[in-house]
Amino acid sequence: MTLVNQVLQEITTVMDDVDEKQLQAVEKIISKEKRIFVLGAGRSGLMAKGFAMRLMHIGYTVYVIGETITPSIAAGDVLVSVSGSGTTGSVLEPTEKAHQNGVEVVAVTSNSQSPLAKNSDVALIVPGATKAGDGVKSIQLLSTLFDQTTHITLDILTLMLSRRDNTSNDAAKAAHSNME
């Protein structure tokens with residue numbers, strides 16, 4: 001089996017274990033009437049930023065925690081926090097604070113028993129390997145499998161939201177950057 005086939009098999013194994021009921025529960029929380037904030041550190045943060053970009057493309061008001069133009073978060077907002085281990089302090093501490101202040105929290109993590117999952121309204125479990133050893137074992141380095149499958153999972157969620165909201169590819173394209 002080639003490395004490409006091994007990696008694809010790992011991705012398929014993880015995606016087979018993503019629970020569509022959890023995706024549907026997240027879909028119910030995210031709406032255009034709410035501001036959406038995303039949070040993550042390292043590569044998980046990059047996956048969160050990619051999700052934020054896609055939400056913007058389909059018409060959502062979305063912010064990335066830590067960016068200079070991000071307003072304060074408040075009750076009634078939604079926070080999507082991404083951490084493979086679910087224990088990363090720079091993700092967990094702001095998530096706990098937001099949750100205590102009435103923000104709806106979606107946790108995207110590999111570990112269903114993690115503090116992040118337990119401090120969420122909905123936990124979306126993406127069971128790819130992490131640097132902490134959680135999830136489906138992988139030949140890939142660190143949390144690569146979690147990152148890959150989180151990207152796919154959040155793109156599937158974006159597709160679900162766009163279909164629910166009747167947002168076409170042409171409408172998303174119209175919101176795409178024109179400064180390239």
Side-chain angles (χ1 to χ4, degrees), residues 7-8 10-12 14-71 73-74 76-84 86 88 90-91 94-95 98 103-110 116-117 120-128 130 135 143-180:
V7 168
L8 289 174
E10 289 180 359
I11 292 169
T12 298
V14 172
M15 294 309 299
D16 284 344
D17 287 341
V18 172
D19 186 342
E20 289 198 40
K21 289 180 183 169
Q22 291 175 354
L23 278 165
Q24 292 165 352
V26 175
E27 179 187 25
K28 289 178 184 171
I29 289 175
I30 295 176
S31 70
K32 289 187 177 179
E33 292 75 36
K34 299 175 184 176
R35 298 185 309 169
I36 313 300
F37 291 76
V38 301
L39 173 63
R43 286 175 45 144
S44 292
L46 294 174
M47 298 308 107
K49 285 182 177 183
F51 179 55
M53 178 185 281
R54 284 295 185 238
L55 287 178
M56 178 275 298
H57 287 149
I58 63 171
Y60 285 78
T61 302
V62 59
Y63 300 98
V64 176
I65 301 289
E67 296 293 330
T68 57
I69 60 165
T70 300
I73 194 168
D77 293 332
V78 175
L79 174 61
V80 179
S81 294
V82 183
S83 169
T88 305
S90 61
V91 174
T95 300
V103 173
E104 287 182 282
V105 172
V106 174
V108 181
T109 182
S110 184
L116 183 64
S120 68
D121 295 287
V122 175
L124 178 54
I125 307 305
V126 182
T130 68
S143 62
T144 297
L145 183 58
F146 174 75
D147 301 331
Q148 292 163 335
T149 51
T150 293
H151 179 87
I152 294 167
T153 301
L154 293 175
D155 272 355
I156 291 167
L157 178 59
T158 301
L159 180 59
M160 292 168 66
L161 292 166
S162 69
R163 287 180 171 185
R164 180 195 68 195
D165 299 342
N166 295 312
T167 305
S168 68
N169 192 61
D170 287 341
K173 187 176 178 182
H176 195 277
S177 175
N178 61 2
M179 300 297 290
E180 297 172 335

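Values below: every heavy atom of this structure, side chains too, minus hydrogens, waters and symmetry copies. Computed from a predicted model, the values in this text were never measured in an experiment.
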Heavy atoms only: give me the nearest Y60-I36 pair and the separation to one decimal.
-> CD2-CG1, 4.3 Å
Between CG of L79 and CZ of F37, what distance do you get to the nearest 0.5 Å?
-> 8.5 Å
Specify the closest pair of heavy atoms between G84 and T109, including all atoms of both residues, with the distance to one decimal.
-> O-OG1, 2.9 Å
With distance as the sole criterion, is a donor-acceptor pair present between the side chains of T167 and S162 under 3.5 Å?
-> no
Once you round to the nearest 0.5 Å, how far does CG of L159 lie from CZ of R54?
-> 11.0 Å
Work out which heavy atom in A41 is nearest to a heavy atom in S90; give both atom names and the distance.
-> CB-OG, 3.6 Å
State, with a plain yes or no, whether a side-chain heavy atom of T158 is found less than 4.5 Å away from one of I58.
-> yes
Taking side chain as C-beta onward, heavy atoms only, is V78 less than 4.5 Å from V103?
-> no
Distance-only donor-acceptor check, side chains T130 and S143, under 3.5 Å | no
So do V18 and L23 actually touch side chain to side chain, heavy atoms under 4.5 Å?
-> yes
Could you tell me whether the side chain of K34 reaches within less than 4.5 Å of the side chain of I30, counting heavy atoms only?
-> no
Rounded distance [0.5 Å steps], CG in L124 versus CG in L154 | 6.5 Å
Could you please spell out the steps behind the side chain to side chain contact (heavy atoms under 4.5 Å, CB included) verdict for E67 and K49?
-> CA-CA 11 Å; E67 296 293 330; K49 285 182 177 183; 3.1 Å; yes
Measure the shortest side-chain to side-chain distance between T150 and F51 over non-hydrogen atoms and say whether it is less than 4.5 angstrom.
-> no
What distance separates K28 NZ from D121 CG, expressed to the nearest 0.5 Å?
-> 14.0 Å
Do V106 and S120 come within less than 4.5 Å of each other through their side chains, counting heavy atoms only?
-> no
Write down the atom of A74, the atom of D77, and the distance for their closest heavy-atom approach.
-> N-OD2, 2.7 Å
Stepwise side chain to side chain contact (heavy atoms under 4.5 Å, CB included) check, V80 with L39 = CA-CA 6 Å; V80 179; L39 173 63; over 6 Å; no
Is the shortest heavy-atom distance from the side chain of I125 to the side chain of Q22 under 4.5 Å?
-> yes
What is the minimum heavy-atom distance between T88 and S83, and which atoms define it?
-> OG1-OG, 3.1 Å
Side chain to side chain contact (heavy atoms under 4.5 Å, CB included) between V38 and I65, intermediate numbers included = CA-CA 6 Å; V38 301; I65 301 289; over 6 Å; no
Grab the two heavy atoms, one from E27 and one from L161, that are nearest each other, plus how far apart they are.
-> CG-CD2, 3.9 Å
Are D147 and H151 linked by a side-chain donor-acceptor pair shorter than 3.5 Å?
-> no
Between T149 and M15, does a side chain to side chain contact (heavy atoms under 4.5 Å, CB included) hold up when you go through it step by step?
-> CA-CA 7 Å; T149 51; M15 294 309 299; 3.8 Å; yes
Interatomic distance, CD@E10 vs OG1@T144, rounded to 0.5 Å, equals 9.5 Å
Tell me, yes or no, whether the heavy-atom count around M160 atom CE, taken from other residues, nucleotides or ligands under 6.0 Å, exceeds 12.
-> yes
If you count the non-hydrogen atoms of other residues, nucleotides and ligands that lie under 6.0 Å from CZ in R164, is the total more than 12?
-> yes
Please examine the side chains of L116 and T95, heavy atoms only from C-beta on, and report whether any two atoms are closer than 4.5 Å.
-> yes
In this structure, OG of S177 is separated from CE of M56 (nearest 0.5 Å) by 7.5 Å
